[in-house]
Amino acid sequence: MKRLAAALAALSLIASASAQAKPTQTLPRSRPMLTLDDVRTVSPALAKYAQGTLLGDVWNRPGLAPRDRGIVTLAALIARNQTIELDHYLSLALDNGVKPREISEIITHLAFYSGWNNAMAAVAVVKEVFAQRAIGVDQLPAASPEPLPLDEAAEAQRAARVGEQFGAVAPGVVQYTTDVLFRDLWLRPDLAPRDRSLVTVSALIASGQVAQVPYHLNRAMDNGLTREQAAEVITHLAFYAGWPNAMSALPVAKEVFEKRPR
């Protein structure tokens with residue numbers, strides 16, 4: 001209880017916590033710390049939900065580990081270009097076991113799935129956090145590491161299917177999808193395939209791109225994400241990306257779950 005009380009004293013507008021590490025919530029360091037009392041002066045109800053629901057319940061739900069919640073939150077913030085709280089959640093993710101090399105790969109991955117500008121905006125924040133923690137280049141992935149093994153048969157099927165559908169429409173997109181995304185980016189070894197899928201699904205839901213969710217949610221579950229964890233991702237994102245995005249993802253997830261063997 002003492003640890004929880006200490007965390008509550010430094011909550012920011014979007015309160016969060018985990019079973020392993022309680023956040024010290026602040027706005028960017030150029031601004032004064034925003035406490036729970038500050039929030040109450042504007043919205044007592046928001047302070048109540050932040051303290052009780054988000055901090056007291058969501059981050060402590062057992063269906064998704066604090067490390068995974070950190071990854072999901074980072075993916076949502078970067079995908080939505082919401083950098084005002086990014087420094088806090090980066091620190092929380094690091095405290096909960098996300099490695100610097102994994103954060104580096106998350107940003108690289110989201111350059112392709114959420115846009116170059118969003119990734120560059122994240123780089124500016126992460127650079128400061130890494131400097132504060134004395135995280136150097138030696139802790140980051142190589143630019144061109146030895147790739148993970150490629151499932152040649154599955155990738156050939158995927159490439160053929162996409163080529164048949166869209167090769168005549170946008171051959172450049174089809175080419176880069178094969179050569180850069182699935183034969184390079186997805187084979188980078190410093191973010192496990194399961195976590196890379198977790199980032200992708202989270203970013204798609206957070207940005208309302210549900211048309212791409214079935215393929216990537218199936219891929220995530222093939223890569224080891226469980227049904228319970230996938231459900232918790234959507235629950236978590238209801239708070240960080242809004243209820244409409246979560247509700248739009250539910251029918252898609254339901255269909256994926258129903259078509260997969262139990």
Side-chain angles (χ1 to χ4, degrees), residues 68 71-72 74-76 78-80 101-102 104-120 141-231 233-234 237 241 245-246 248-262:
D68 289 344
I71 291 174
V72 171
L74 291 181
I78 295 170
R80 294 164 64 84
R101 67 177 183 273
E102 294 171 327
S104 176
E105 283 296 314
I106 288 170
I107 296 170
T108 301
H109 191 82
L110 289 176
F112 292 89
Y113 282 89
S114 297
W116 231 255
N117 288 344
N118 287 358
M120 292 300 181
S144 301
E146 184 69 24
L148 297 172
L150 175 67
D151 186 335
E152 295 282 357
E155 170 53 20
Q157 290 180 356
R158 185 212 59 77
R161 184 172 62 252
V162 174
E164 290 171 2
Q165 289 180 299
F166 305 117
V169 179
V173 174
V174 172
Q175 176 190 342
Y176 287 126
T177 300
T178 296
D179 295 346
V180 180
L181 264 67
F182 287 101
R183 290 183 175 269
D184 188 352
L185 182 70
W186 276 88
L187 301 181
R188 293 180 60 84
D190 289 282
L191 190 64
R194 182 261 191 195
D195 294 340
R196 200 172 286 278
S197 285
L198 181 62
V199 169
T200 308
V201 170
S202 299
L204 292 174
I205 294 173
S207 54
Q209 302 290 337
V210 294
Q212 296 293 310
V213 169
Y215 172 80
H216 282 288
L217 182 54
N218 271 300
R219 187 182 181 98
M221 297 178 79
D222 290 343
N223 284 336
L225 191 72
T226 69
R227 177 171 175 168
E228 180 185 22
Q229 291 168 340
V233 169
I234 300 173
L237 288 172
N245 284 333
S248 295
L250 286 179
V252 179
K254 180 176 182 287
E255 185 174 0
V256 170
F257 292 165
E258 290 175 346
K259 290 182 177 180
R260 291 182 67 89
R262 296 300 297 265

### Query
Pairs in or reaching into residues 249-258: which pass side chain to side chain donor-acceptor pair (under 3.5 Å), with residues at least two apart or in two chains?
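For residues 249-258: K254-E258, E255-K259.
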State, yes or no, whether a side-chain contact exists between [X] and [Y] at a heavy-atom distance under 4.5 Å.
{"X": "S197", "Y": "L225", "result": "no"}
{"X": "D68", "Y": "L198", "result": "yes"}
{"X": "L237", "Y": "S202", "result": "yes"}
{"X": "E105", "Y": "E102", "result": "no"}
{"X": "D222", "Y": "R260", "result": "yes"}
{"X": "R80", "Y": "N245", "result": "yes"}

Once rounded to the nearest 0.5 Å, what's the spacing between atom [atom1] of [X] and atom [atom2] of [Y]?
{"X": "I234", "Y": "I205", "atom1": "CD1", "atom2": "CD1", "answer": "4.5 Å"}
{"X": "Q157", "Y": "E155", "atom1": "CD", "atom2": "CD", "answer": "10.0 Å"}
{"X": "L204", "Y": "Y215", "atom1": "CG", "atom2": "OH", "answer": "12.0 Å"}

Shortest non-hydrogen separation from [X] to [Y] and the atoms involved:
{"X": "A203", "Y": "S207", "answer": "O-OG, 2.7 Å"}
{"X": "A211", "Y": "P214", "answer": "O-CD, 3.5 Å"}
{"X": "R196", "Y": "R188", "answer": "NH2-O, 3.3 Å"}
{"X": "V180", "Y": "F112", "answer": "CG1-CE2, 3.6 Å"}
{"X": "A159", "Y": "T178", "answer": "CB-OG1, 3.8 Å"}
{"X": "D190", "Y": "P141", "answer": "OD2-CB, 3.4 Å"}

#### Entry: Residue among V201, L181, V199 satisfying side chain to side chain contact (heavy atoms under 4.5 Å, CB included) with Y113
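Running side chain to side chain contact (heavy atoms under 4.5 Å, CB included) over V201, L181, V199 with Y113 returns exactly one hit, L181.
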### Query
For the residue pair W186 and H216, does the interplanar ring angle fall in the parallel (under 30°), tilted (30 to 60°) or perpendicular (over 60°) class?
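Ring orientation, 0 to 90° scale: parallel.
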### Message
Go through it in stages, so that I can follow the logic: the residues are I71 and D195, the test is side-chain contact (heavy atoms from CB on, under 4.5 Å), and I'd like the CA-CA distance, side-chain angles, deciding distance and then a yes or no.
### Response
CA-CA 8 Å; I71 291 174; D195 294 340; 4.3 Å; yes
### Query
Stepwise, does the side-chain contact (heavy atoms from CB on, under 4.5 Å) test hold for L217 with F257?
CA-CA 9 Å; L217 182 54; F257 292 165; 4.3 Å; yes
### Task
Using a cut-off of 6.0 Å, state whether more than 12 heavy atoms not belonging to Y176 lie near its atom OH.
no
#### Entry: Note: R158-D151 ion pair, threshold 4.0 Å (strictly below)
no
